[in-house]
Engineer: 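Sharing a structure with you now.
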Amino acid sequence: MENNTQKKDIRLVALDMDGTLLNENQEISQANREAITKARENGVHVVLSTGRPFIHVDEYARSLELNSFIITVNGGEIWDSNGNLLERNLLQVEEIKMMWDLKNRHQTKFWALTVDKVFREDFPEDMALSEHQWLKFGFDVEDDDVRNTIIQELNKHKLQVTNSSPTNLEVNPYGISKAKALEKVCKRIGITMDNVMAVGDSLNDIAMIESAGIGVAMGNAQETVKKAADWVTATNEEDGVAKAILQWVL
């Protein structure tokens, strides 16, 4: 981590949501709102870049009056400001079956995301799996050894494994990341990743933090994320996003 990053021409701010933009009550603080509004008024694109599905993002984007792109499901989807889907990357049914077996073998908690539903308790029968379009599969594992065993198994199957909290695993198709999606957004806008400030707190944010002109880790971020960042801001309970925007954008 370097704290001496030169001022850059930041034209896009990419914000993770949980643990970053949102506080523990899932709210956007007044200070964060004001900083985002000022950035927008200065012609800066503000892009939510999250592991959440669009249905759990849209309301926040509207409340901030955002008029740029939205990246959802860890880069699995890119949306425009009118809620039109521009790109979607799906997991194969065989991969979902394999992960469901893995979950059962290790008795972990799980969630799974299709384009129209989040499964947390119930899960389709084998035969019904192919009726759905699968975006993401998640494990929640308290035991470090079990989690590492599952990671090794997932890596063998060439899947993209990150997390959004220290105990969970988030699985996307191989090569999918918030960084890759941001590169595509930059291309559409006509800027480069050097013009981006990316802010996040978890492993699913590392790729965008490392490839952005300015990578910012939250004060509450996982240690690995702080090491990857150019700068560490305050926590999500202390308006860390607003402080980063004031420091590097305004």
Side-chain angles (χ1 to χ4, degrees), residues 16-19 26 48-61 69-80 83-182 184-185 202-208:
D16 169 53
M17 290 179 66
D18 296 280
Q26 309 280 290
L48 298 180
S49 182
T50 176
R52 291 177 174 225
F54 185 75
I55 193 167
H56 295 157
V57 178
D58 191 34
E59 198 181 311
Y60 289 103
F69 298 86
I70 295 175
I71 292 167
T72 57
V73 204
N74 293 336
E77 294 178 328
I78 302 173
W79 302 77
D80 72 10
N84 299 310
L85 181 69
L86 303 176
E87 184 180 306
R88 173 175 278 157
N89 299 273
L90 298 170
L91 287 159
Q92 304 298 312
V93 172
E94 294 69 42
E95 292 168 334
I96 293 293
K97 279 185 182 168
M98 179 273 296
M99 288 188 274
W100 179 243
D101 291 343
L102 208 50
K103 171 251 176 244
N104 287 326
R105 199 182 323 148
H106 294 286
Q107 295 292 296
T108 73
K109 292 180 185 155
F110 87 103
W111 74 99
L113 202 61
T114 66
V115 297
D116 45 21
K117 187 173 177 187
V118 182
F119 291 94
R120 287 190 185 276
E121 306 296 334
D122 54 333
F123 199 69
E125 296 291 323
D126 250 25
M127 294 298 289
L129 286 179
S130 53
E131 291 167 18
H132 299 275
Q133 291 182 291
W134 297 93
L135 283 165
K136 188 171 78 167
F137 194 95
F139 299 84
D140 200 20
V141 195
E142 295 289 340
D143 186 301
D144 291 349
D145 293 336
V146 173
R147 195 178 324 107
N148 288 332
T149 304
I150 292 173
I151 290 170
Q152 283 167 7
E153 192 67 31
L154 294 170
N155 287 339
K156 273 187 218 158
H157 287 270
K158 282 272 192 283
L159 288 159
Q160 198 72 40
V161 185
T162 58
N163 77 14
S164 58
S165 84
T167 62
N168 81 17
L169 298 173
E170 302 218 335
V171 188
N172 286 84
Y174 188 72
I176 294 304
S177 70
K178 293 179 178 185
K180 285 274 187 334
L182 270 173
K184 290 172 181 171
V185 164
S202 296
L203 298 190
N204 61 358
D205 301 310
I206 280 190
M208 72 171 182

Engineer: State which residues pass salt bridge (Lys or Arg N to Asp or Glu O under 4.0 Å) with E170; sequence neighbours excluded, sorted by chain then number.
Structural biologist: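 Residues passing salt bridge (Lys or Arg N to Asp or Glu O under 4.0 Å) with E170: K136.
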
Engineer: Would N155 and Q152 count as a side chain to side chain contact (heavy atoms under 4.5 Å, CB included) here? Give the steps.
Structural biologist: CA-CA 5 Å; N155 287 339; Q152 283 167 7; 5.7 Å; no

Engineer: Please check if the number of heavy atoms outside L85 that lie under 6.0 Å from its CG is greater than 12.
Structural biologist: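 Yes, the 6.0 Å shell around CG holds more than 12 heavy atoms from other groups.
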
Engineer: Minimum heavy-atom separation for S202 to S165, with atom names?
Structural biologist: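 Scanning both residues completely, I find the closest heavy atoms to be OG-N, 4.1 Å.
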
Engineer: Give, for atom NE2 of H157 and atom CD of E94, the distance between the pair rounded to the nearest 0.5 Å.
Structural biologist: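 Going from NE2 on H157 over to CD on E94, the span is 11.5 Å.
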
Engineer: If you take all heavy atoms of I70 and A61, which pair is closest and at what distance?
Structural biologist: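 Nearest heavy atoms, I70 then A61: CD1-CB, 3.6 Å.
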
Engineer: Give, for atom CG of L48 and atom OG1 of T72, the distance between the pair rounded to the nearest 0.5 Å.
Structural biologist: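 L48 CG to T72 OG1: 10.5 Å, rounded to 0.5 Å.
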
Engineer: Quick one: salt bridge (Lys or Arg N to Asp or Glu O under 4.0 Å) partners of D144, sequence neighbours excluded?
Structural biologist: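 Checked D144 against salt bridge (Lys or Arg N to Asp or Glu O under 4.0 Å); matches are R147.
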
Engineer: Please list, chain by chain and in numerical order, all residues satisfying side chain to side chain contact (heavy atoms under 4.5 Å, CB included) with I176, sequence neighbours excluded.
Structural biologist: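 In terms of side chain to side chain contact (heavy atoms under 4.5 Å, CB included), with neighbours along the sequence ignored, I176 is linked to N89, N172, P173.
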
Engineer: Side-chain donor-acceptor pairs under 3.5 Å in residues 99-112, sequence neighbours left out?
Structural biologist:
from : atom 1 : to   : atom 2 : distance (Å)
N104 : ND2    : W100 : O      : 3.2
Q107 : NE2    : N104 : O      : 2.7

Engineer: F54 vs W79 aromatic rings, parallel, tilted or perpendicular, using cut-offs 30° and 60°?
Structural biologist: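 Because their plane-to-plane angle is under 30°, the rings of F54 and W79 count as parallel.
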
Engineer: With rounding to the nearest 0.5 angstrom, report the CD1 to CG distance, I151 to L159.
Structural biologist: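 The CG atom of L159 is 12.5 Å from CD1 of I151, to the nearest 0.5 Å.
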
Engineer: Would you mind reporting whether F137 and M98 have side-chain heavy atoms less than 4.5 Å apart?
Structural biologist: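 M98 vs F137: side chains apart.
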
Engineer: From D140 CG over to E142 CD, what is the distance, rounded to the nearest 0.5 angstrom?
Structural biologist: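 Taking CG in D140 and CD in E142, the distance rounds to 6.0 Å.
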
Engineer: So which heavy atom on D80 is nearest to which on F69, and how close?
Structural biologist: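 Result for this residue pair: CA-CD2, 4.1 Å.
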
Engineer: Can you sort out the partners of T114 under side-chain hydrogen bond (donor to acceptor under 3.5 Å, both in side chains), two or more places apart, ordered by chain and number?
Structural biologist: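 For T114 the side-chain hydrogen bond (donor to acceptor under 3.5 Å, both in side chains) partners, ignoring immediate neighbours, are D116.
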
Engineer: Can you pull the side-chain hydrogen bond (donor to acceptor under 3.5 Å, both in side chains) pairs that have at least one residue in residues 120-132, sequence neighbours excluded?
Structural biologist: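 Output for this query lists K117-D122.
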
Engineer: Given the rule in the side chain to side chain contact (heavy atoms under 4.5 Å, CB included) test, do L90 and V115 qualify, once you have shown the distances and angles that lead to the verdict?
Structural biologist: CA-CA 9 Å; L90 298 170; V115 297; 4.2 Å; yes

Engineer: OG/S49 to CG/N204 distance, rounded to the nearest 0.5 angstrom?
Structural biologist: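 These two atoms lie 8.5 Å from each other.
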
Engineer: At what distance, to the nearest 0.5 angstrom, does CG of L154 lie from CD of Q160?
Structural biologist: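 So the CG of L154 and the CD of Q160 are separated by 11.0 Å.
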
Engineer: Taking it one step at a time, do E153 and K156 satisfy salt bridge (charged side-chain N to carboxylate O under 4.0 Å, His left out)?
Structural biologist: CA-CA 5 Å; E153 192 67 31; K156 273 187 218 158; 3.6 Å; yes

